[in-house]
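All chains are named by letter (A, B, ...) in the order of the sequence lines, taking the proteins before the strands, and each is independently numbered beginning at 1.
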Amino acid sequence: MNRRFLIAVLLLWSLGPLMWQIYTSLSSDQALTQPFALADHRWTLVHYRNVLTSNPPFWRYLLNSLIVGISSTFLCLLLALPAAYALNRISTRLAIFSRLALVGAALFPYVLLFLGLLELARTFNLGNQLLALSLPYAALSQPLAILLLNSAFHDLPPELEDAAKLEGLSLFQRFRWILIPLISPATASTAILVFLFSWNEYPIALTWISDSSKLTLPVAMARIAGSSIYSVPYGAYAAATVLGSIPLVLLVLIFQKPIVSGLTSGAVKG
Amino acid sequence: MTLQIQDLGRCVGQNWIVRHVNLQVDDGECVALVGPSGCGKSTTLRLIAGLDDVSEGEILFDQINVTHAKATQRAVGMVFQSYALLPHLSVFDNLELGLRVRGVRPSDRQQRIQDMLDLVQLQSRADVLPAQLSGGQRQRVALARALLRDPDVYLLDEPMSNLDAQLREELRPELRRLVLNRQKPVIHVTHDQHEAMAIADRIAVLHSGRIQQVATPAELYQHPETLFIAKFIGRPQINCLRPNNGVVCAIRPESLFFAKEGLPCKLMSREWLGSSQLLYLDSPQGPLRLSCSPSVDIPEVLHVSWSASDEHHFDASSGCRLP
């Protein structure tokens, strides 16, 4: 089969739903329910206006999600970077055991934890606090982040650090000048994965936050979509989806290069 | 400044990687550590640098025991086989990093790096990344970094084995000029015996984790203590005759000559090497290598002989030299 055709099919498969959302968000309610009737007002921005002027306005949720996403990514990397480094320095047997435990934790369905997390939130008064959400998010992303960063550390030639030791660089200085810069591609791709997880997370956000001005994006969207089972606000929902994807698209575009090289690093010994 | 190593050993699990290593290197002396791969050369170097933990024995820098001092606290300048330059920093920044963490003032740093780049003839390449340099240039940057450290001891871990043969020969005198003039002990690890003989004042031969002999290149060549050293030092390799009563007799290829009477041989093949020729012979005592001037005519009926003083005798089972 033709290569171009295959690529076209794949593009349609992955971009189709996104295009449909954009199309829906720009169509008037009338056009959505009667697609073949020729209406005067076929295209409209009214859904965007409704979403952005509602109370609280939709950008508030974007901001909330952004705050939670950035703080959980930061917290996660802060803990995962030293842990991933240490995993290469401990004895082989302990390292194998630790990696197995991490893989187990990474594969564990986190939804099963959420009742326990709810108890914790109640005990420590973490409910309705935006930044508190980054605690479970950073913790749940930890196993995968450690494993990814660990393989990046593992791929660094050990002589680089040896040479730095002989130059007199302390552990912290080696981190600052050598290790962090050299694994930045892997750090970028790990950061994106953690950020995505926090951006998309639903059950914990739903149960920890009830104050409507502190909702994160997924919960806020669910409220729009499920406002009534008799009239589903397709247009508003689609507009919210499009707005919610824009920051992610921007993020991936900005970090495109390090992400791709980070995801494929270690595949071929350089 | 004297480097002393006493009964040094490193054990990993049940295996001794090196053991009972004794060595003293004086000011301005260069000792080459040679041996086949896996014999513990690099491990010995790493122990001296403090990059690996010592299991037994002591390392003294000028009578000061540094056996368990951290690598960051030892004044050691090391050049790695892979150069170990930081790929994300320019040549200048690579050299500056060490000075900066050791607290040298910025104006001082600039001056010292500039001087060092002049010395290794890389003035114009200060701002490029290591990846844009040739192998020989990278080697010189790594050397410059070690020199800027102004260490008590220089450790060179196969510093030239990633370079081609011609470049190696060009860099050898430069290495002498730069490192050996510093009046500090130098340990040069190499698997290339030519390099060892050309650079080192003394050579230490390491075999399965033990030092077999430490001697000047000439002594090592003329009086090898073991059969292993006799075979390892000198190319073309020494000839070993069939063991007789538990004694191996070994003769250097250049000590053999054609004679009217002697060991009858058959010519198998011949290599012309420019300044000499190498003949591969087959004899009742096993295959022999004979090296002679290219002008020597090869007789039709070959008889090979040698003088008794050129014979080296070794114990066949232990490999030790017999008187």
(Q) So, taking the atom named CD in A/Glu159 and the one named CE in B/Met78, what distance separates them when rounded to the nearest 0.5 Å? (A) 9.0 Å
**Q.** Separation between OG1 of B/Thr72 and CD of A/Gln173, rounded to the nearest 0.5 Å
**A.** 9.5 Å
**Q.** Greater than 12 external heavy atoms within 6.0 Å of B/Asp53's CG
**A.** no
Q.
Counting only heavy atoms from other residues, nucleotides and ligands, does the tally under 6.0 Å from CZ of A/Arg93 exceed 12?
A. no
So which heavy atom on [X] is nearest to which on [Y], and how close?
X        : Y        : value
A/Leu160 : B/Pro87  : CD1-CD, 4.2 Å
A/Leu166 : B/Ala49  : CD2-O, 3.6 Å
B/Gly98  : A/Glu167 : CA-OE1, 3.1 Å

Q) Under a 4.5 Å heavy-atom cutoff, which of B/Lys70, B/Arg145, B/Gln81 has the most pairs with chain A? A) B/Arg145
Q) If you count heavy-atom pairs under 4.5 Å between each of B/Ala84, B/Ala146, B/Gly77, B/Pro151 and chain A, which one has the most? A) B/Ala84
Q | Flag side-chain contact, heavy atom, 4.5 Å: A/Asp162 against B/Arg46 | A | yes
(Q) Quick check on A/Arg176 against chain B: is it the side chain, the backbone, both or neither that has a heavy atom closer than 4.5 Å? (A) neither
Q | Heavy-atom proximity to chain A below 4.5 Å, by part of B/Leu148 | A | neither
Q) Which bit of B/Arg100 is near chain A, if near means a heavy-atom gap under 4.5 Å: side chain, backbone, both or neither? A) side chain
Q. So, the side chain of B/Arg102 versus the backbone of A/Gly168: is there a donor-acceptor pair under 3.5 Å, distance only?
A. no
